[in-house]
Amino acid sequence: MPATVIVGAQWGDEGKGKIVDLLAEHSDFVCRYNGGPNAGHTIVAGGETYKVRHIPSGILRGKECVIGAGCVVDPEVLVEELDELAARGVPVDRLHLSANAHVIMPWHVAIDQGGERRLGKLKIGTTKRGIGPTYADKAFRLGIRVQDLLDPKILRQKLEVALAEKNVWLERVYGAAPVELEELAARYERLAQRLRPFITDTSLLVDHALREGKSVLLEGAHATLLDLDHGTYPFVTSSSTLAGGAAPGIGIGPTRIDEVIGVAKAYVTRVGEGPFPTEIEGPDQERLRELGGEFGTVTGRERRCGWLDLVALRYAVRLNGITSLALTKLDVLSAFAELPVCVRYRLRDGSETDEFPAYQSDFHHCEPIYETLPGWAETLDEVAEVSELPDAAARYIEFVEGELGVEISLIGTGRERERVLAHHGPAALAG
Ligand code: GDP
Ligand code: IMO
Ligand code: MG
């Protein structure tokens with residue numbers, strides 16, 4: 001049985017939550033391998049909308065869910081999320097939290113916010129959830145891990161050591177209020193009690209599941225172009241978002257992964273700052289945003305909208321080893337008479353390339369070269385099979401497959417769980 005990675009192929013919000021939820025029906029485990037509450041994955045099922053930030057999107061299907069060691073966890077947000085799901089009748093007792101995941105502390109959030117303020121015009125446009133500072137402390141080997149929450153004495157010791165330094169930063173560098181030890185220790189001891197039943201060795205748990213022939217989904221958060229190493233640095237998040245990051249993020253070997261499904265929108269969106277070659281100028285930007293409901297799940301910010309960028313998507317196929325693509329939100333394009341698709345970039349020296357530029361300044365200054373495909377006027381509301389797609393929509397799909405040399409296995413035609421067409425079905429869907 002396969003271990004399948006689901007990875008965002010653009011700048012995030014591609015509809016990973018919906019695709020994971022769909023594939024979870026035929027899976028036993030769903031495991032998040034990176035990121036924290038900067039993620040926002042939406043699932044629309046039975047007329048209800050669920051938004052998960054920490055918890056894997058498989059929770060609604062009642063599957064075993066894992067938050068892996070590569071994640072960073074804000075205990076307050078996680079407890080809130082657990083309570084909200086439980087209040088809505090979703091059982092959460094099958095959640096497993098890695099003892100090795102790092103904990104987002106109040107000073108990480110304050111430093112993220114203060115850092116963005118200080119950067120001013122040069123800001124990254126982070127979600128201000130403390131992600132960068134938490135991963136920085138992890139790399140600096142100063143982090144507090146989930147397992148540290150289990151022993152009040154160790155926790156207090158670690159908080160004391162951290163606060164001695166962090167309060168200097170908060171007060172002197174960011175002009176923020178210092179954090180008080182006693183209040184903090186009491187609050188985190190309470191949160192620790194809530195999280196204790198979920199904390200375990202999740203690497204071992206997933207290894208056992210794979211050995212028993214269980215089917216495992218590895219759910220990526222954020223996306224390829226937000227990857228710390230290969231994304232559009234510095235306008236990236238601070239974790240390894242790529243499919244390859246799933247192995248260390250969970251604690252399994254890379255040879256255990258059988259399939260990599262890239263999730264891409266039929267157009268592109270980006271939240272936050274940074275270069276975006278196919279960003280639309282003019283009224284179509286607003287139109288696409290309204291039609292696609294392109295407002296951030298976590299921050300409510302307007303998502304910047306652009307036409308499909310095949311140069312960037314080709315890069316995503318390369319970086320992740322994508323075996324098939326899920327192309328979401330095809331229905332949103334129904335309103336456009338013509339659909340520009342970026343096939344190459346023109347660089348500053350006038351040369352053209354269909355490969356993603358390795359140098360940031362080339363990417364900043366490149367211009368998209370479009371091929372314009374005909375649109376279709378019909379809505380996709382009644383389309384139940386790929387063969388029923390309007391001709392122009394079918395040609396759009398074929399064009400993308402031809403340009404990338406990768407099959408599109410799933411096509412999104414609406415927000416609801418059921419609104420997906422299976423094209424060349426991914427193995428993970430076969431169960
Ligand atoms: P994620 O972060 O990749 O899980 O994506 P988000 O949930 O942040 O954003 C995707 C948005 O698009 C959500 O509001 C989904 O409900 C919605 N969505 C997903 N697939 C489709 C689709 O095929 N058509 C339409 N119209 N909406 C979709
Ligand atoms: P999902 O999983 C869209 C972006 C932020 C910002 C940059 C760094 O829902 O697709 P961070 O808070 O991570 O330090 O912010 O990364 N970003 C996302 N954009 N979807 C996401 O997650 C994102 N996670 C981070 O907007 O530009
Ligand atoms: Mg999202």
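Numbering of ligands and ligand atoms starts at 1, following listing order.
Heavy atoms of Arg53 stay at 4.0 angstrom or farther from ligand 1. The closest approach between a heavy atom of Gly12 and any atom of ligand 1 is not below 4.0 Å. Residue contacts with ligand 2 do not include Asp112, since none of its heavy atoms lies under 4.0 Å from the ligand. Taking a 4.0 Å cut-off on heavy atoms, Gly293 fails to register as neighbouring ligand 1. Residue contact check for ligand 2: Arg270 places no non-hydrogen atom closer than 4.0 Å to it. For His41, the closest heavy-atom approach to ligand 2 falls below 4.0 Å.
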Pair Leu313-Glu403, side chain to side chain contact (heavy atoms under 4.5 Å, CB included): steps then yes or no: CA-CA 10 Å; Leu313 209 44; Glu403 285 284 316; over 6 Å; no
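Among all protein heavy atoms, the one lying closest to atom 16 (O) of ligand 1 is Arg415 NE, 3.3 Å. Of all protein heavy atoms, the one lying nearest to atom 26 (N) of ligand 1 is Asp331 OD2, 2.7 Å.
Annotation for ligand 1: atoms under 4.0 Å from non-hydrogen atoms of Arg303 are 8 (O), 9 (O). Near His41, with a cut-off below 4.0 Å to any heavy atom, the atoms of ligand 1 are 1 (P), 2 (O), 4 (O), 7 (O). Set against the non-hydrogen atoms of Lys18, the atoms of ligand 1 under 4.0 Å away are 19 (C), 20 (N), 21 (C), 22 (C), 23 (O).
Residue side and main chain included, Gly40 places an N/O/S atom under 2.8 Å of the Mg ion (ligand 3).
The pair Asp112-Arg129 does not count as a salt bridge, with every side-chain nitrogen at least 4.0 angstrom from each carboxylate oxygen.
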